[in-house]
Amino acid sequence: MSWLPLSFGAPLVLWGLLALPVIWWLLRLTPPKPQTEVFPPLKILARVLRREETPQQSPWWLTLLRLLMAALVVMALAEPVFNPREKLPAEGSALALVVDNGWASAADWSKRVATAEQLIADAGSNGVPVVIAFTAEKPNAEIGPFDASAALDHLRAAKPRPVPTDRPAVYARVAAALERLPGASVAVLADGLAAKGDEAAFKTLLEKNATRLVWAASDRSSLTGLIGADNQVDGFALTAIRAPGDPAPAQVTAGAFDDKGRRIADATLTFAPGEAAATATMTVPFELRNDFASIALDGEHQAGAVRVLDESSKRRRVGLLSQAEADQAQPLLSPLYYIRRALQPFADLVEPSSADLADAIPQLLDQKPAMIIMADVGTIPEQVKQRLVDWVDKGGTLVRFAGPRLAAAGNDDDLLPVRLRSGERALGGALSWTTPQAVTEFPKNGPFADLSPPSEVTVSRQVLAEPTPDIVERTWATLADGTPLVTGMKKDKGTLVLFHVTPEATWSNLPISGSFVEMLRRVVQLSRNQGAAIANAEATAASLAPYRMIGADGMLTPPSPDARPLVPGAGPLPVTLENPPGLYGSETGVFAHNLLNASSTFAPLARPQVSLPVTTVPYAFDESENLKGPLVAIALLLMVLDTLAVFWMGGLLARRPRRAGAVATTAAVLIVLGGLFGHADLARADDSKPGDAQAIDDISKTRIAYVITGEPGVDAISRAGLEGLTRFLIEKTALEPGPPAGVDIAKDELSFFPLIYWPIDASAPMPSQAAIARIDAYMQQGGTVLFDTRDQFSNGIGAGSASPATERLRDILGNLNVPPLEPVPSDHVLTKSFFILPEFPGRFNGSPLWVEASLEASNTENRPVRTGDGVSPIMITANDFAGAWAIDENGDPMLPTVPPDPMQRVYALRAGVNIMMYMLTGNYKSDQVHVPVLLERLGQ
């Protein structure tokens with residue numbers, strides 16, 4: 001029942017307002033008790049002639065007060081709601097909720113979650129199950145059906161991913177689940193962007209078992225992405241895109257950031273009316289452009305608005321040197337003409353002002369080039385040669401082209417990659433038996449391995465290399481007769497490259513081919529890391545470890561546990577959950593893997609045309625407010641006023657010594673009513689227990705505790721995980737623990753629990769020093785804390801780089817008295833306390849379980865376990881135990897294991913049993929008395 005911005009959940013209760021006239025009549029007939037006074041004799045005589053008067057009816061103001069109080073109680077019982085939301089259609093045999101959680105949904109993810117919560121709440125009120133699936137999750141993610149409570153847990157545990165959606169695969173899974181639930185309502189919470197295969201995906205989802213479609217449309221129509229950031233001659237050229245067809249112009253500002261996150265440049269991109277692309281140029285100095293580490297669009301909190309940059313985006317300064325004078329009348333015969341044309345688009349070229357090599361080489365080196373190209377330069381003067389050699393050794397790349405001068409100069413072991421034969425070799429002609437040679441396939445161990453050999457290129461003259469044992473390793477390009485065309489080698493940190501032909505089209509037509517440009521580009525790329533570049537096929541094919549990832553909100557974050565190494569290849573690489581966008585490699589060199597590429601476009605997602613009833617809803621927060629609590633609070637306040645009025649009319653508030661007892665009574669009543677008033681919000685359930693009762697409940701049964709971090713998703717998984725371990729303990733052991741308990745380490749009593757599981761989350765608030773001191777005291781008094789960073793793939797307990805969770809763990813442990821730690825040895829009690837376990841996996845498998853080092857332990861006489869006193873007060877893992885133990889209300893696992901091995905979950909539960917047995921029995925199984933029995937059982 002709704003009246004404008006006010007509605008009632010139980011409108012029939014409002015009929016109780018008709019009883020107000022009856023209440024008014026009763027109140028008028030039952031006035032308050034008259035004031036009683038003890039009259040002295042003289043007053044009795046003075047009033048003997050007067051008639052005794054008794055109030056006939058209650059005062060009007062007291063009656064009005066009580067009527068108002070009764071009306072408020074009736075309205076509170078009618079469940080009033082201010083600004084109520086419309087109930088969403090979530091009826092039928094089930095509700096199938098399909099949510100896009102790709103990168104485009106990150107900006108307004110909270111609104112999407114609020115809308116999904118409303119749908120799940122309405123489905124729960126109708127008593128229908130919920131199938132919930134996310135289009136950017138792993139293929140083996142659980143989709144239900146769930147009840148409303150479990151569906152809410154899955155929804156709140158989900159988060160946007162910096163990857164595209166996969167609607168065809170997810171919709172097919174949901175359609176298969178609906179085959180067992182025909183007649184379901186389907187709610188699609190889309191991100192608004194069309195993708196390949198959408199039409200077939202919607203047909204699969206809606207054509208069979210759906211009876212209604214709920215379509216959630218986003219009000220965010222200005223999604224903008226960055227598809228290009230090219231370091232050109234005059235600046236950084238940026239290209240941004242938006243959805244086509246927007247008639248309004250728009251502007252967006254892009255910022256460039258260095259590797260420390262400092263903003264060092266800006267540019268404004270302007271979209272013309274109706275245009276889907278905008279370009280701009282960041283005109284900044286060459287040296288400043290090379291400091292760019294990422295470029296992001298302001299106000300766009302999503303992964304598509306960020307581009308990370310690697311060495312391939314940085315321009316290098318290339319020095320050009322030639323001893324030949326340029327012929328102004330015939331520029332095509334200049335040795336540097338084709339080199340300039342090939343390098344101009346992707347390098348900054350510098351040339352000396354002097355033709356004398358003794359002056360020209362120092363002029364080039366003073367400008368700190370990454371690469372120097374020498375076109376037919378013969379003998380290098382001795383006074384500058386050593387400086388050039390030092391420049392190469394420190395990371396410079398020297399590229400030399402052959403010619404008559406180089407052929408006549410002879411060998412230079414310091415500045416040539418191979419030894420040369422004297423003179424030159426002519427191929428073809430009247431006095432030669434040979435013919436011009438073509439270029440064959442490029443060797444797989446060179447930087448040109450991914451290029452196709454230029455079939456149109458022939459070589460008629462070249463300088464020959466002396467045959468040596470390593471000539472094959474140093475050959476980057478060969479002719480059909482097997483002689484080298486290009487050779488190269490690493491020299492300390494630098495690189496030496498030799499083209500065995502001239503840079504102009506006299507010895508070969510290579511300089512006028514397209515392959516010449518690509519070959520020079522590859523050589524320039526080798527110079528970008530100053531000697532750290534990859535120059536062999538084996539390293540090129542190697543996988544690159546995740547280094548820094550782009551989060552769904554566009555921020556650079558450490559790698560997640562799901563990230564896998566990236567194998568670079570030709571062409572754009574797909575963005576997946578295993579290879580999210582970001583930087584891959586290490587501090588010495590990275591590879592940029594961005595979400596959008598130059599061919600990306602934004603197409604709006606159209607609502608599918610179906611014959612089903614369709615309800616369109618916007619993404620919005622639930623702004624309704626339950627008025628039951630405030631109305632009850634006002635009614636209680638009126639009750640207090642009514643009580644005070646009755647006391648006043650009865651004379652209990654008179655200031656007389658004999659009324660002290662009445663005043664005390666009044667104060668007690670006010671205290672009681674104040675307590676009721678303090679808890680008048682009846683809309684919130686209070687399941688707290690008195691301190692003594694809670695303590696008795698905690699010690700009546702053995703209970704496992706977990707630390708409440710304040711992050712709903714983390715705490716929900718922790719509780720579900722300990723519930724799963726508790727159920728496994730009851731099934732497999734004689735121990736029957738009570739339900740797990742969440743503890744606030746700052747105020748709850750910790751001594752009731754033998755083990756406290758602490759999931760470390762970097763986004764949770766840092767515990768106070770007082771709370772850490774309570775944990776320290778708990779550990780010193782015999783309790784054990786199991787710290788779980790849940791980041792096995794990026795964990796580093798020791799010094800060096802570490803994940804945020806590991807950094808937070810270090811901060812916590814820095815304030816505790818932590819004993820020396822070691823991974824669980826093979827003969828430790830933990831490996832045999834119940835099950836025989838060689839390792840302790842969780843949802844992940846790879847991180848050791850760290851315990852207190854048994855510095856004085858011994859293992860004499862080949863006992864099953866070594867001796868030692870005490871139980872480790874601390875355990876540390878990164879394998880996510882709770883994630884492996886977590887089960888839903890049906891007993892099904894909530895999270896998949898990595899890798900997806902069913903036995904890994906069994907071993908994780910057994911590890912939990914061993915930990916609990918170790919906590920409760922200590923070194924029981926290291927006792928010499930039990931060795932024969934244990935050995936006998938092992939033999940069986």
- [ ] Return the set of residues passing ring pair (Phe, Tyr, Trp, His ring centres under 6.0 Å) with F271 (not counting sequence neighbours), or none when no residue passes.
- [x]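 None.
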Does H593 have any ring pair (Phe, Tyr, Trp, His ring centres under 6.0 Å) partners at least two apart in sequence or in another chain, and if so, which?
->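 Y584.
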Begin with the C-alpha distance, continue with both residues' side-chain angles, and end with the deciding distance and a verdict on side chain to side chain donor-acceptor pair (under 3.5 Å) for T440 and T478.
CA-CA 6 Å; T440 61; T478 59; 2.8 Å; yes
key: Charged N-O contact under 4.0 Å between K394 and D492   =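 No.
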Among all residues two or more places apart in sequence or in another chain, which pass the salt bridge (charged side-chain N to carboxylate O under 4.0 Å, His left out) test with [X]?
{"X": "D166", "value": "none"}
{"X": "D390", "value": "none"}
{"X": "R400", "value": "none"}
{"X": "D266", "value": "R263"}

For [X], give me all partners under side-chain contact (heavy atoms from CB on, under 4.5 Å), at least two apart in sequence or on another chain.
{"X": "A254", "result": "L238, L269, M282, I295, L297"}
{"X": "T483", "result": "R425, Q462, L464, L479, D481"}
{"X": "K196", "result": "none"}
{"X": "E275", "result": "A272"}

To the nearest 0.5 angstrom, please state how far the [atom1] atom of [X] sits from the [atom2] atom of [Y].
{"X": "I339", "Y": "Q344", "atom1": "CD1", "atom2": "CD", "result": "13.0 Å"}
{"X": "R341", "Y": "L336", "atom1": "CZ", "atom2": "CG", "result": "14.0 Å"}
{"X": "L388", "Y": "I380", "atom1": "CG", "atom2": "CD1", "result": "5.5 Å"}
{"X": "I512", "Y": "Y337", "atom1": "CD1", "atom2": "OH", "result": "11.5 Å"}

Original post:
Checking side-chain hydrogen bond (donor to acceptor under 3.5 Å, both in side chains) against R419, which of T468, D413, D412 comes through?
Top reply: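 Of all the options given, the one that passes is D413.
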Item to complete: Would you please classify the geometry between the F499 ring and the F448 ring as parallel, tilted or perpendicular, with 30° and 60° separating the classes?
Response: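 Tilted, since the angle between the ring planes falls between 30° and 60°.
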Less than 4.5 Å apart, any side-chain heavy atom of [X] and any of [Y]?
{"X": "E504", "Y": "P511", "value": "no"}
{"X": "F401", "Y": "L406", "value": "no"}
{"X": "W391", "Y": "L398", "value": "yes"}

Exercise. Output, in order, the C-alpha distance, side-chain angles, deciding distance and verdict of side-chain contact (heavy atoms from CB on, under 4.5 Å) for R461 and T506.
Key: CA-CA 8 Å; R461 185 170 293 183; T506 55; over 6 Å; no
Exercise. Give the intermediate values and the outcome of side-chain contact (heavy atoms from CB on, under 4.5 Å) for residues L485 and V501.
Key: CA-CA 7 Å; L485 173 62; V501 295; 3.8 Å; yes
Of the non-hydrogen atoms in [X] and [Y], which two are nearest, and what is the gap between them?
{"X": "M519", "Y": "L510", "value": "SD-CD1, 4.1 Å"}
{"X": "A106", "Y": "D553", "value": "CB-N, 4.3 Å"}
{"X": "D376", "Y": "R405", "value": "OD1-N, 3.0 Å"}
{"X": "P162", "Y": "A303", "value": "CB-CB, 4.0 Å"}

Tell me, which pairs form a salt bridge (Lys or Arg N to Asp or Glu O under 4.0 Å) where one or both residues lie in residues 352-374, sequence neighbours left out?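 Non-adjacent pairs meeting salt bridge (Lys or Arg N to Asp or Glu O under 4.0 Å): D366-R387.
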- Take T502 and W507, measure what side-chain contact (heavy atoms from CB on, under 4.5 Å) needs, and give me the verdict at the end. CA-CA 6 Å; T502 58; W507 289 18; 3.6 Å; yes
Query raised in the report: Just checking, any donor-acceptor pair under 3.5 angstrom between side chains of T475 and T487?
Result: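 No - no donor-acceptor pair under 3.5 Å links their side chains.
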- Taking atom types as modelled and ignoring hydrogens, do the side chains of S353 and Q363 form a donor-acceptor contact shorter than 3.5 angstrom?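 Distance-only check passes for S353 and Q363.
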Given D393 and K493, is the salt bridge (Lys or Arg N to Asp or Glu O under 4.0 Å) satisfied, shown in steps? CA-CA 5 Å; D393 291 341; K493 296 182 179 180; over 6 Å; no
Return yes if some donor-acceptor pair links the side-chain N/O of E473 with the main-chain N/O of N445 below 3.5 Å, else return no.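 The answer is no, because no donor-acceptor pair under 3.5 Å joins these two groups.
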* Look at the side chain of D310 and the backbone N and O of L583, then say whether any donor-acceptor pair between them is shorter than 3.5 Å. =>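 Checking the backbone N and O of L583 against the side chain of D310, no donor-acceptor pair under 3.5 Å is found.
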Exercise. Checking side-chain contact (heavy atoms from CB on, under 4.5 Å) for the pair V318/V350: CA distance, chi angles, key distance, verdict?
Worked result: CA-CA 6 Å; V318 178; V350 293; over 6 Å; no
**Full working for ring-ring contact (aromatic ring centres under 6.0 Å, His included) between F292 and F236** = CA-CA 10 Å; F292 290 0; F236 240 103; 5.1 Å; yes
**Request:** Mind checking side chain to side chain donor-acceptor pair (under 3.5 Å) for E351 and listing every partner two or more places apart, or none if nothing turns up?
**Result:**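 With sequence neighbours excluded, E351 shows a side chain to side chain donor-acceptor pair (under 3.5 Å) to R340, given in chain and number order.
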